[in-house]
Protein chains: 2
Amino acid sequence: MSAPSAPSASSDGTTESAPLPSPSPPARGRRAPRVSGDERERAILATAEELLQTRALHEISVDDLAKGAGISRPTFYFYFGSKEAVLLTLLDRMVEEANVLRVAALAAAPPEPAARWRAAIAAFHDAFAAHRAVALAAAGARASSPDVRDLWARVMEGWVQETTDAIEAERARGAAPDTVPARHLAVTLNWMNERVLHTTFAGESPAVPAAQVVDALVATWLGAIYAGAVPPA
Amino acid sequence: MSAPSAPSASSDGTTESAPLPSPSPPARGRRAPRVSGDERERAILATAEELLQTRALHEISVDDLAKGAGISRPTFYFYFGSKEAVLLTLLDRMVEEANVLRVAALAAAPPEPAARWRAAIAAFHDAFAAHRAVALAAAGARASSPDVRDLWARVMEGWVQETTDAIEAERARGAAPDTVPARHLAVTLNWMNERVLHTTFAGESPAVPAAQVVDALVATWLGAIYAGAVPPA
DNA sequence: CGGCGCACTCGACAGGGTGTTGACAACGCC
DNA sequence: GGCGTTGTCAACACCCTGTCGAGTGCGCCG
């Protein structure tokens, strides 16, 4: 189904730590659920998501995370290789949820093209909104962490691919004009969503009011996909 | 003229250090051009831009900057309050150049709407391309430096304003439909440009090939601005 | 049942980065 | 020829990261 190639945390309750781009040498030993181990891991994750509500990742020290989870700093390193690895796990979960939301939204949407485009965009928006702290932190960490950057790139690639297919389907049935390559359009539109949602949730300056951001995005998508792109002289 | 409210380094040759959002307590004393002082400052700036070609800002230490400029670390702090302040100055210059480019491009463009939109977008692209290292570093530093974030927000606000005015002019003459508020469209389109150009120059994953990125952006702008946004059922 | 080993924990360290302090040198100028 | 301003740096205090090695308690196998 939808998730193209993003690593997935196996979806049973206990969030068994997934492979991920491999948190480097100081990996885990996790296998015998001695109980307390997984609890600690969850405590670290929860602390991280909580602290991210109010501070950026670079303002959070490993010690903060450790203290929040009731352990010492060295013990933190038993569970995660770095605070970026924690964020990566959080991001991975969010992506998982986003894909679930997306599939559900598309399944529930009526067949008209406009409604389907809107449903997909709204799903993207909702996933972002539900974990905005994680999403914003991940965006910030993309600059410094190759793992975060790669994971996000894979996620975007999946969405771009789906978008490209959908545009091509519309073109095939003659509903949309064949202007710029569908993939290029898909790339620009998906990055636009990411960036605009980011600014909106971050409360940065030129932002679209939160209540209308989906409208603005949908309008732009529809215009770009269905217009002949020839402005009147 | 064009530059809306971005702080401007007074444009004579010697780049007299502009106010900027004030690099905090350890400010300058700069006023008597004792020669060697400004030279050092320029050396730091040059070193920074050079090092940014190959490494991200967080991989560059103040010591690297100081050594590159032939001074010691404490002396660096005589000139700039932090490495972020250096980046801020570099960014300020780039913005200055971008605005010059933009005005020139619009002045030289033919009167047809399509050509004018393309000229403005291409100017944005060229400014970015000319100092991509600075632009990419600034994007990364937005997460950690409020000054960088604010400067960039002001710059975007200026462009958004110009775009909004242009869209409204088109609507006023009946050339473009009155769908979503012009400003919302302007915001989404400008952030789209920023993000897509970023991915392209950074060589990140789902990117439009550099040669066609301006085409893709222009197509999206024209579609979004001139289309009625009503896809065929 | 007693000892082996694994899962887990942390005190203490090494190393690297930042920003500041205070002493000091050179220069122009009054 | 003394004085402020500009510029310079060694040394310091501090914070943060990641690692090492010495434990501790528990299950399990012999």
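Just so you know, these numbers come straight off a predicted model, no measurement behind them. Naming convention: chains lettered A, B, ... in sequence-line order (proteins, then strands); numbering from 1 in each chain.
- What you find for A:L189 and A:A224 is that their closest heavy atoms are CD2-CB, 4.2 Å.
- The aromatic rings of B:F201 and B:F128 sit parallel, their planes meeting at an angle under 30°, below the 60° perpendicular limit.
- Rounded to 10 degrees, the angle between the two end axes of the helix from C:dC1-D:dG30 to C:dC30-D:dG1 is 20°, with five pairs used at each end.
- Put simply, OH on B:Y77 is 16 Å from P on D:dT8, counting in whole angstrom units.
- Among pairs with a residue in residues 195-210 of chain A, those fulfilling salt bridge (Lys or Arg N to Asp or Glu O under 4.0 Å) read A:R195-B:E194, at least two apart in sequence or across chains.
- With sequence neighbours excluded, the residues satisfying side chain to side chain donor-acceptor pair (under 3.5 Å) with A:E97 are A:H131.
- Atom P of nucleotide C:dC8 and atom CD of A:E39 are separated by 11 Å, given to the nearest angstrom.
- Here the shortest heavy-atom pairing between A:P206 and B:V160 reads CB-CG2, 4.0 Å.
- Considering only side-chain N and O atoms, B:K83 lies under 4.0 angstrom from the phosphate OP1 or OP2 of C:dT18.
- When the salt bridge (Lys or Arg N to Asp or Glu O under 4.0 Å) test is applied to B:R118, the partners found at least two apart in sequence or on another chain are B:D215.
- Remark: the backbone N or O of B:V196 is paired with a side-chain donor or acceptor of B:T200 at under 3.5 angstrom.
- In this structure, B:F80 places its CZ atom 16 Å from C1' of C:dG19, rounding to the nearest Å.
- One atom, CD of A:E84, and another, P of D:dT17, lie 9 Å apart when rounded to the nearest Å.
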Using residues 50-58 of chain A as the side-chain source, report each donor-acceptor pair under 3.5 Å to any protein atom, sequence neighbours left out, with the distance given to one decimal.
from: A:Q53; atom 1: NE2; to: A:E49; atom 2: O; distance (Å): 3.1
from: A:T54; atom 1: OG1; to: A:L51; atom 2: O; distance (Å): 3.3
from: A:R55; atom 1: NH1; to: A:E59; atom 2: O; distance (Å): 3.1
from: A:R55; atom 1: NH1; to: A:D64; atom 2: OD2; distance (Å): 3.2

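- As rounded to whole Å, 9 Å separates atom P of D:dT17 from atom CZ of A:F76.
- For the pair B:E41 CD and D:dG7 C1', the computed distance is 13 Å after rounding to whole Å.
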Please list each protein N or O that sits under 3.5 Å from an N or O in nucleotides 10-13 of chain C, with the distance.
from: C:dC10; atom 1: OP2; to: A:S72; atom 2: N; distance (Å): 2.9
from: C:dC10; atom 1: OP2; to: A:S72; atom 2: OG; distance (Å): 3.2
from: C:dC10; atom 1: OP2; to: A:T75; atom 2: OG1; distance (Å): 2.9
from: C:dC10; atom 1: O5'; to: A:S72; atom 2: OG; distance (Å): 3.4

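- For the pair B:F78 CZ and D:dG7 C1', the computed distance is 5 Å after rounding to whole Å.
- Sorted by first then second residue, the salt bridge (Lys or Arg N to Asp or Glu O under 4.0 Å) pairs that include residues 182-192 of chain B, not counting sequence neighbours, are B:E157-B:R183.
- Sequence neighbours left out, not one pair with a member in residues 125-134 of chain A passes salt bridge (Lys or Arg N to Asp or Glu O under 4.0 Å).
- With sequence neighbours excluded, the residues forming a salt bridge (Lys or Arg N to Asp or Glu O under 4.0 Å) with B:D63 are B:K67, listed by chain and number.
- Minimum interatomic distance between A:H184 and B:A216 (heavy atoms only, all atoms of both residues): CB-CB, 3.9 Å.
- Taking a 4.0 Å limit (strictly below) on heavy-atom distances, residues 47-58 of chain A does not reach DNA chain D anywhere.
- Every residue was checked against the salt bridge (Lys or Arg N to Asp or Glu O under 4.0 Å) condition with A:E84, not counting sequence neighbours, and none meets it.
- Residues of residues 61-69 of chain B that place a heavy atom closer than 4.0 Å to DNA chain C, in numerical order, are B:S61, B:V62.
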